[in-house]
Amino acid sequence: MPGDVRAGLPELKLYNTLTRTKESFAPIDPASVRMYVCGPTVYDFAHIGNARPVIVFDLLYRLLRHLYGVDHVRYVRNITDVDDKINARAAAEHPGLPLNEAIARVTFATEAQFHDDLEALGVLHPDVEPRATEHIAEMRTLIEKLVASGHAYVAEDHVLFSVPSMPDYGALSRRPLDEMIAGARVDVAPYKRDAMDFVLWKPSKEGEPGWPSPAGIAPLGRPGWHIECSAMSWRHLGETFDIHGGGIDLIFPHHENEIAQSRCAFHSGVMAHTWMHNGFLQVEGEKMSKSLGNFITIRQLLADWPGDVLRLNMLRTHYRQPIDWTLKGLEESAKALEQFFDAAAPDAYPRPAPAVLEALADDLNTPKAIAELHALKDHAGKKALGGTLAFLGFTDGPLRAWQAAKAPALDVDLTMVEARIAERIEARRNRDWAASDRIRDELLALGVALKDNKDGTTTWEPKR
RNA sequence: GGCCACGUGGCGGAGUGGUUACGCAGCGGACUGCAAAUCCGCGUACGGGGGUUCGAUUCCCUCCGUGGCCUCCA
């Protein structure tokens, strides 16, 4: 490598769920830093909780690209397009269609909605966005490997992963096997050898999507939930890679099972070196759920706020902390963003100010980074602020459009306003404060707010 | 029940073994004919109780509270 591309850059530290400590990040290959993040299951509009990992890991992606070079980072975020919820949705929405066609419609439409949402949130496209249904072959290969090595077995046309075959299963979630078995509240399927065993492949029911099964199973089948991520990360990032991210709720069982599948299939001690998990989101102090009626989609929020405000609001809390999503918070975020863009030079080259970069390099300390943004606003150059905002994924266009749209429509005669202002200046020159104040009040009633500037001029702006 | 997080000033939210986070709101001041805008300044916080320490918000124990996972879930 010609010189050290990272010279002068801060050391990146990331909290690793696997070790429960903040560690210095050292990629397997600095020329190809590899990150996998669990993406959405496409059956409905994404909610604001779904937006959190997408925004957080987008920021990490931007940071990695800055530290290692745009062409030296490979970011994979999958689309899960095979799932019972998708099937149910498809049957409900398109009752007249064959199920497979209905499913295609649902997943296609949902994926498009998701992409629209992310664009509004300022999220970059990952380098690869693989779909589960396009990686069935890889899944089958993995399953065959696992069966061949004794880590999986066939029972009643299912393939199950044998958890006891992996002695250190549970390391990520820190759940020793015996405890889990003791505390298991699950109905154990009779064909499981062990209560903890999980499904890699299952037979498709009549009318469900199905693919040729592995391991000599005759009927068509479909994959279990966990195998797809092992297959897609393998295909696009290799047997071992640097970072695997997702929501904290995925630690168990999803990520634990991914690790089991990948490590046992490749006889490896490691799937990903760094495991990162974002905290959960609540809405106005309550858990978000459909039954409480506080279930908010990204799309609903975008009707009221520019995506950049949602993005800033998300980043005001450190990614590992729980976040309480509130209207008050959104209002504060909007205000801060307006201040930033009022103070920033437009179309600045995307480049993080050193203090912001340092904050981000410390396990994505975005609240600290935002504090530095305020410092830049007050003390540093407009270009530094503008460049940093651009680096962080903020653009002012939607914000400005939003400001214009929410401003009360002014139906005033500009010539009249200018005339009244001139009239008031004359009154003030004559120290006729009563007349001056009357004119100001009258214009304010029309939505025109006057400002007497230090240089003696008077300007106006729409009343806020 | 088991496991894992979290509890910071009015609110949001970083961080640290001993000096200021930062933002919003509030208050005071400057400026102004009065305002608006702007600028300056101010509050003196770390859930309760023990312990370690010269010293703890920061480490340990414990209690209380909140949330999450253990079943699909960002």
Side-chain angles (χ1 to χ4, degrees), chain A residues 17 20 37-41 43 46-57 77 80 83-85 88 170 172-176 178-187 196 198 225 245-256 277-282 285-290 298 312-326 328-337 339-340 342 359 362-363 365-375 377-378 427-434 436-437 440-441 444 449-454 456 458-461 463-464:
Chain A
T17 305
R20 311 283 158 122
V37 173
C38 291
T41 300
Y43 69 101
H47 61 251
I48 189 60
N50 293 308
R52 193 171 193 192
V54 174
I55 292 173
V56 163
F57 291 105
R77 188 189 62 220
T80 296
D83 180 270
D84 285 339
K85 287 192 292 270
L172 181 70
S173 55
R174 308 231 161 159
R175 291 158 196 256
D178 48 352
E179 270 181 22
M180 280 190 279
I181 292 164
R185 302 190 308 195
V186 202
D187 286 335
M196 289 305 300
F198 58 90
W225 174 36
I248 194 170
D249 55 315
L250 294 180
I251 293 176
F252 189 90
H254 185 53
H255 287 166
E256 202 73 82
H277 295 94
N278 61 272
F280 242 61
L281 177 147
Q282 289 185 279
E286 286 186 310
K287 179 177 177 169
M288 180 166 62
S289 73
K290 283 181 174 163
I298 300 171
L312 181 64
N313 196 241
M314 197 66 86
L315 297 176
R316 290 205 309 162
T317 302
H318 182 84
Y319 76 92
R320 282 192 278 119
Q321 293 289 109
I323 185 171
D324 189 13
W325 191 267
T326 64
K328 188 164 183 283
L330 284 166
E331 286 166 352
E332 282 187 22
S333 296
K335 187 164 188 167
L337 199 64
Q339 287 180 10
F340 292 153
D342 285 347
D362 183 14
D363 194 32
N365 191 339
T366 51
K368 181 85 186 322
I370 291 167
E372 297 296 348
L373 245 29
H374 284 286
K377 175 191 65 160
D378 295 334
R428 294 182 68 212
R429 192 170 293 139
N430 297 329
R431 308 186 71 78
D432 183 356
W433 311 126
S436 165
D437 291 351
R440 185 168 65 195
D441 291 346
L444 189 62
L450 296 187
K451 290 161 65 172
D452 298 330
N453 302 304
K454 291 235 167 87
T458 295
T459 53
W460 66 276
E461 61 183 27
K463 184 172 68 171
R464 306 190 78 168

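Each chain gets a letter, A, B and so on, in the order the sequences are listed, and its residues count up from 1.
- For the side chain to side chain contact (heavy atoms under 4.5 Å, CB included) with Leu337(A), the qualifying choice from Asn313(A), Leu373(A), Leu312(A) is Leu312(A), the only one to do so.
- For Asp84(A), the salt bridge (charged side-chain N to carboxylate O under 4.0 Å, His left out) partners at least two apart in sequence or on another chain are Arg222(A).
- One atom, CG of Asp249(A), and another, C1' of rC3(B), lie 16 Å apart when rounded to the nearest Å.
- Mapped onto RNA chain B by nearest heavy atom, Asp324(A) and Pro40(A) fall at different nucleotides, with Asp324(A) at the one closer to the 5' end.
- Here, rU57(B) and rG50(B) have their P atoms 13 Å apart, quoted to the whole Å.
- Candidate nucleotides rC22(B), rC70(B), rC11(B) were compared by shortest atom distance to the side chain of Glu332(A), and rC11(B) ranks first.
- Per the geometry, CG belonging to Leu337(A) stands 13 Å off C1' belonging to rG23(B), to the nearest Å.
- Which of rG33(B), rC22(B), rC69(B) sits closest to the side chain of Phe252(A) comes down to rC69(B).
- No contact: Gly329(A) has no heavy atom under 4.0 Å from any strand.
- Here the C1' atom of nucleotide rG67(B) and the NE2 atom of His277(A) are 17 Å apart, to the nearest Å.
- Per the geometry, CD1 belonging to Ile248(A) stands 12 Å off P belonging to rC70(B), to the nearest Å.
- rU16(B) atom C1' lies 12 Å from atom NZ of Lys368(A), rounded to whole Å.
- rU20(B) and rG41(B) are spaced 15 Å apart, taking the P atom of each and rounding to whole Å.
- The base of rA36(B) is not paired with the side chain of Arg440(A) by any donor and acceptor separated by under 3.5 Å.
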Margin query: Let me check I have this right: for RNA chain B, each base becomes ., (, ), [, ] or |, based on Watson-Crick or G-U pairs with both distances under 3.5 Å. What is the full string?
Written below: (((((((..(((.....[...))).(((((.......)))))....(((((..]....))))))))))))....
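- Here Asp362(A) pairs with Lys22(A) under the side chain to side chain donor-acceptor pair (under 3.5 Å) rule; sequence neighbours left out.
- Ile251(A) comes within contact range of no nucleotide atom at all, as no heavy-atom separation falls under 4.0 Å.
- As judged by a 4.0 angstrom heavy-atom cut-off over every strand, Leu450(A) is placed among the base-contacting residues.
- OP1 or OP2 of rA35(B) has not a single side-chain nitrogen or oxygen of Lys451(A) nearer than 4.0 Å.
- By the side chain to side chain donor-acceptor pair (under 3.5 Å) test, Glu256(A) is found to be paired with Ser173(A), residues two or more places apart in sequence or in another chain being considered.
- Between His374(A) and Phe340(A), the distance from one ring center to the other falls under 6.0 angstrom.
- In this structure Asn278(A) satisfies the side chain to side chain donor-acceptor pair (under 3.5 Å) test with no other residue, sequence neighbours excluded.
- rG13(B) and rG23(B) have their C1' atoms separated by 8 Å, given to the nearest Å.
- rU62(B) and rC22(B) are spaced 34 Å apart, taking the C1' atom of each and rounding to whole Å.
- The distance between atom CG of Leu373(A) and atom P of rC24(B), rounded to the nearest whole Å, is 13 Å.
- Arg316(A) comes within 4.0 angstrom of the backbone, heavy atoms only, and of no base.
- Between the C1' atoms of rU58(B) and rA30(B), the separation comes to 39 Å (whole Å).
- Remark: P of rG23(B) and CG of Leu315(A) are 18 Å apart, rounded to the nearest angstrom.
- Among the heavy atoms of the strands lying under 4.0 Å from Gln339(A) are primed sugar atoms or P, OP1, OP2 only; no base atom is included.
- For the P atom pair drawn from rC42(B) and rC4(B), the interatomic distance equals 44 Å after rounding to whole Å.
- Taking Lys451(A) as the reference, Glu461(A) meet the salt bridge (charged side-chain N to carboxylate O under 4.0 Å, His left out) condition, with sequence neighbours excluded.
- For Asp437(A), counting side-chain heavy atoms from C-beta on, the closest listed nucleotide (rG68(B), rC34(B), rA74(B)) is rC34(B).
- Residue Lys85(A) places its side chain closer to rC72(B) than to any other of rC72(B), rA74(B), rG33(B).
- An OP1 or OP2 oxygen of rG15(B) is reached within less than 4.0 angstrom by a side-chain nitrogen or oxygen of Asn365(A).
- Across rU8(B) and rG15(B), the matching C1' atoms stand 10 Å from one another, rounded to whole Å.
- Sparse packing is recorded around CZ of Arg431(A), with 12 or fewer heavy atoms of other residues, nucleotides or ligands lying under 6.0 Å away.
- Judged by ring centres under 5.5 Å apart and planes tilted less than 30 degrees, Phe280(A) fails to stack against the six-membered base ring of rG68(B).
- Backbone-only engagement by His318(A) is indicated by non-hydrogen atom pairs under 4.0 Å involving sugar-phosphate atoms exclusively.
- Comparing rA74(B), rA35(B), rG7(B) against the side chain of Asp452(A) picks out rA35(B) as the nearest.
- Nearest to the side-chain atoms of Lys287(A) among the listed nucleotides rA74(B), rA21(B), rC69(B) stands rC69(B).
- Here rC22(B) is the nucleotide among rA74(B), rC22(B), rA14(B) with the atom lying nearest to any side-chain atom of Ala371(A).
- Using a cut-off of 4.0 Å between Lys/Arg side-chain N and Asp/Glu carboxylate O, Lys377(A) and Asp342(A) are scored as not salt-bridged.
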Note to self: Between Thr458(A) and Asn453(A), is the side-chain hydrogen bond (donor to acceptor under 3.5 Å, both in side chains) condition met? List the steps.
What the structure shows: CA-CA 6 Å; Thr458(A) 295; Asn453(A) 302 304; over 6 Å; no
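- With the nearest nucleotide of RNA chain B identified for both Gly285(A) and Gly39(A), Gly285(A) has the one nearer the 5' end.
- Look at Gln282(A) and you won't find any side-chain N or O under 4.0 angstrom from OP1 or OP2 of rU66(B).
- Residue Gln321(A) is classed as a sugar-phosphate contact, given heavy-atom separations below 4.0 Å to backbone atoms only.
- Nucleotides rC40(B) and rC54(B) are separated by 44 Å at their P atoms, to the nearest Å.
- When distances run from any side-chain atom of His374(A) to the nucleotides rC24(B), rA74(B), rC22(B), the shortest one goes to rC22(B).
- Ser436(A) contributes a side-chain N or O that forms a donor-acceptor pair with the base of rG33(B) under 3.5 Å.
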Next item on the list: Tell me, with the steps shown, if Lys328(A) and Glu332(A) meet salt bridge (charged side-chain N to carboxylate O under 4.0 Å, His left out).
Entry: CA-CA 6 Å; Lys328(A) 188 164 183 283; Glu332(A) 282 187 22; 3.4 Å; yes
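- Atom-to-atom, CG of Leu281(A) to C1' of rA74(B) comes out at 9 Å; the value is rounded to the nearest Å.
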